[in-house]
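Owing to the predicted nature of the structure, the values given are computational and were not obtained by experimental measurement. Proteins get letters first, then strands, A, B, ... in listed order; numbering begins at 1 in each. What you see below is based on every heavy atom in this structure, not just the backbone, and it leaves out hydrogens, waters and symmetry mates.
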Number of protein chains: 2
Amino acid sequence: MREVARAAGVSASTVANVLSRPWIVAPDTRDRVEQTIRDIGYVRNGPARQLRGLPSPIVGSVILDLANPFYAELNRGIEDRLAEAGCLVLTCSTDHQSVREKQLLGLLEEQAVRGVIISPSGADPTALLEMSRRGTPVVLIDHPRGHPDLCAVTVDHRSGGRLVGEHLLGLGHRRFAYLGSTLVADGVNQRREGLREALTAAGLDPEQALLDLRVPMQPPPLVDAAAGAVEQVVHADPRPTALVCLNDTAALGALHGLEAAGLRVPEDISVVGYDDLSFASRLAPPLTTVSQPTYQLGRAAADLLLDEAEPGHTHRETLFPPALVVRSSTAAPSG
Amino acid sequence: MREVARAAGVSASTVANVLSRPWIVAPDTRDRVEQTIRDIGYVRNGPARQLRGLPSPIVGSVILDLANPFYAELNRGIEDRLAEAGCLVLTCSTDHQSVREKQLLGLLEEQAVRGVIISPSGADPTALLEMSRRGTPVVLIDHPRGHPDLCAVTVDHRSGGRLVGEHLLGLGHRRFAYLGSTLVADGVNQRREGLREALTAAGLDPEQALLDLRVPMQPPPLVDAAAGAVEQVVHADPRPTALVCLNDTAALGALHGLEAAGLRVPEDISVVGYDDLSFASRLAPPLTTVSQPTYQLGRAAADLLLDEAEPGHTHRETLFPPALVVRSSTAAPSG
DNA sequence: GTGAAAGCGCTAACAA
DNA sequence: TTGTTAGCGCTTTCAC
């Protein structure tokens, strides 16, 4: 900046003014300085501006796994909304490891980011609360906020699970399997709870009517783990007539596993996914699933985060409803 | 930091030493300071450290579209490699818009990031060269480096296209269609060139034997655009017996469009994708495609970028080979 | 082993 | 309208 000032024959603060409050600079001085900036190829130093107290344009996004298309699309929603405010997204995957999550939060806080949008890997919000108290706003995604000092964007997965249950019950199913994960992923458990609720409401005992499967989230890749896990469904006696999967990726693996075991979908067994990823409608058979407004979730989270900087901000939760998408992987049970 | 110093009864520089060069501090002083840091909840200020000349831990990743699973996985490769070096990834999608790309590069340079890994949306490298000259290292992904001052990680797509062509020719195909895009995406064009080379080598005239289709990359979503574009293949006379798509997502749409038109794959027409995304093997029919070491591409790019900081760094290009994966969407033409 | 001091590049209040 | 000045929080000599 000093160099530009010297070359343009003005003081450093005039250069600063041209950059930050151009309207207070005389037009010809401004033109001269701007020309010099271009000639020299001068680029402003963000860290120095931050040091002076300006807000960072960077927002941290801490998610479970960017390679999961659900999170990738969510992140696009975050990015697009933030871009409208001139902000950038620092994307971090935790792979469900809370140690890694803690590291990442530490790094982000040191960078003095504008805020953090997080899909937490554990249930304990204390680290997030402290971070928020120290001045880095936090928005939870896909997790109940658990404290009035945080904002959150959530989907009513319980209702999603209920929709699936009601759909299958309506088709005449009475024996179910739920392919969940070994992790305490809140959303995934809510889906199971909703399913159980639907069974109970139909007069069934979930302990009897629902076979509970858990696959490790990784490694190996979920799609392979799911393919393996369906073995248990295939050999269960009596065998469930409907398999509800925690998400579409698991359903993809399940379809594969069922095919390998010689079971036809939906004739021998119905399969349901969750997320409605882009490939769901093109699988064989097209997958019945539950769609979430994934991209909008991201935008909403970014909205909340940006709002944290506003004077009258109040912490709040935005709740989205899921929607059942019926395709051909579900049908009435045979026999 | 001053606050910690006061509370611990030492000077600010001792606190700094505890943080940056703990070994030169007396053990008991160090313990006392560390305890105070924890009590107070002190967090180091990254921007201030950067201002002092330390390198930023942030690397920019500028890609075409994070919602495309190919880039999402690529980005995971980048992230994982950088994490090993304690770095973070600032992920930006350009949606093929060079205006947006320019904006993003400007923002990243202002943030004084450690470097930028970019999958460029245009062919002109001057902006990147200038950035590199000003001190922000640049690594190109999926794009020839075009200048010895840049590093690049590339895949031999020409060879990929050739593999596809040879496979289809070997099955007996003589009339082809290539579903490309309206953009000057270098990799996508290379694939077509490879395909044309194979045809030429087999004694065919590409101008005659190859129907060239172009779909706009967006909007609408590529998968829908591709579904629409296959109309032209269906109604072509004589109709091509093999459809080669620029990537798996386009192939997904093409399968859909062909099904809607009443054509069977592979009996009536063979279809080939590119990328080998996770769903490719589970489509109906399982998709013949070309796999790239996507995750490794990301790691290799991060490797090169980190190496830029080393004293003896020489700019270079890392080239990966693609591999044909034959599944059931290709077969000998009927009749 | 510890502290004092200079300065990284910038912004904003104030003086000229 | 432009320039002078005082830091923002930190690292790093260099005395002590």
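Judged as a side chain to side chain donor-acceptor pair (under 3.5 Å), and not counting sequence neighbours, Gln50(B) has no contacts.
Asp303(B) and Arg81(B) are joined by a salt bridge, as a carboxylate oxygen and a charged side-chain nitrogen come within less than 4.0 angstrom of each other. Under 4.0 Å is where a charged nitrogen must lie from a carboxylate oxygen, and between Asp95(A) and Arg76(B) at least one such pair does.
Picking from dT2(D), dC10(D), dG1(C) the nucleotide with the shortest atom distance to the side chain of Thr29(B) gives dG1(C). The side chain of Ala16(B) approaches dT12(D) more closely than any other nucleotide in the set dT12(D), dT2(C), dG3(D). Candidate nucleotides dG1(C), dC8(C), dG3(D) were compared by shortest atom distance to the side chain of Ser11(A), and dG3(D) ranks first.
At the phosphate of dG3(C), OP1 or OP2 sits under 4.0 Å from a side-chain N or O atom of Thr14(B). Contact annotation: Arg49(A) side-chain N/O to dC10(C) OP1/OP2 distance is not under 4.0 Å.
For the pair Arg2(A) CZ and dT11(C) P, the interatomic distance rounds to 13 Å; values are reported in whole Å. In this structure, CG of Asp28(B) is placed 10 Å from P of dG1(C), rounded to the nearest angstrom. Rounded to whole Å, the distance from CG on Asn45(A) to C1' on dC10(D) is 14 Å. What separates CD1 of Ile37(B) from C1' of dC10(D) is a distance of 13 Å, to the nearest Å. If you measure from atom CD of Glu3(A) to atom P of dC8(C), you get 14 Å, rounded to the nearest angstrom. Taking atom CG of residue Leu54(A) and atom C1' of nucleotide dG7(D), one finds them 14 Å apart after rounding to whole Å. The CE atom of Met1(B) sits 12 Å away from the P atom of dG3(C) (whole-angstrom rounding). Atom CG of Leu51(B) is separated from atom C1' of dG7(C) by 9 Å (rounded to the nearest Å).
Donor-acceptor pairing under 3.5 Å, judged by distance alone, is present between the side chain of Arg52(B) and the base of dG7(C).
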Might you work through the salt bridge (charged side-chain N to carboxylate O under 4.0 Å, His left out) test for Arg299(A) and Glu79(A), ending with a clear yes or no? CA-CA 8 Å; Arg299(A) 291 196 66 100; Glu79(A) 183 187 348; over 6 Å; no
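There is a side-chain donor-acceptor pair under 3.5 Å between His313(A) and Asp307(A). Of the N and O atoms on the side chains of Asp186(B) and His157(B), not one donor lies less than 3.5 Å from an acceptor on the other residue.
Both Ser20(A) and Ile24(B) lie near DNA chain C, and the one whose nearest nucleotide falls closer to the 5' end is Ile24(B).
Counting non-hydrogen atoms under 4.0 angstrom, Leu19(A) reaches nothing in the nucleic acid.
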For nucleotides 13-16 of chain D, give me every protein contact, N/O to N/O, under 3.5 Å, one pair per line with atom names.
none

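The neighbour count for Glu130(A) CD, taken as heavy atoms of other residues, nucleotides or ligands under 6.0 Å away, is above 12.
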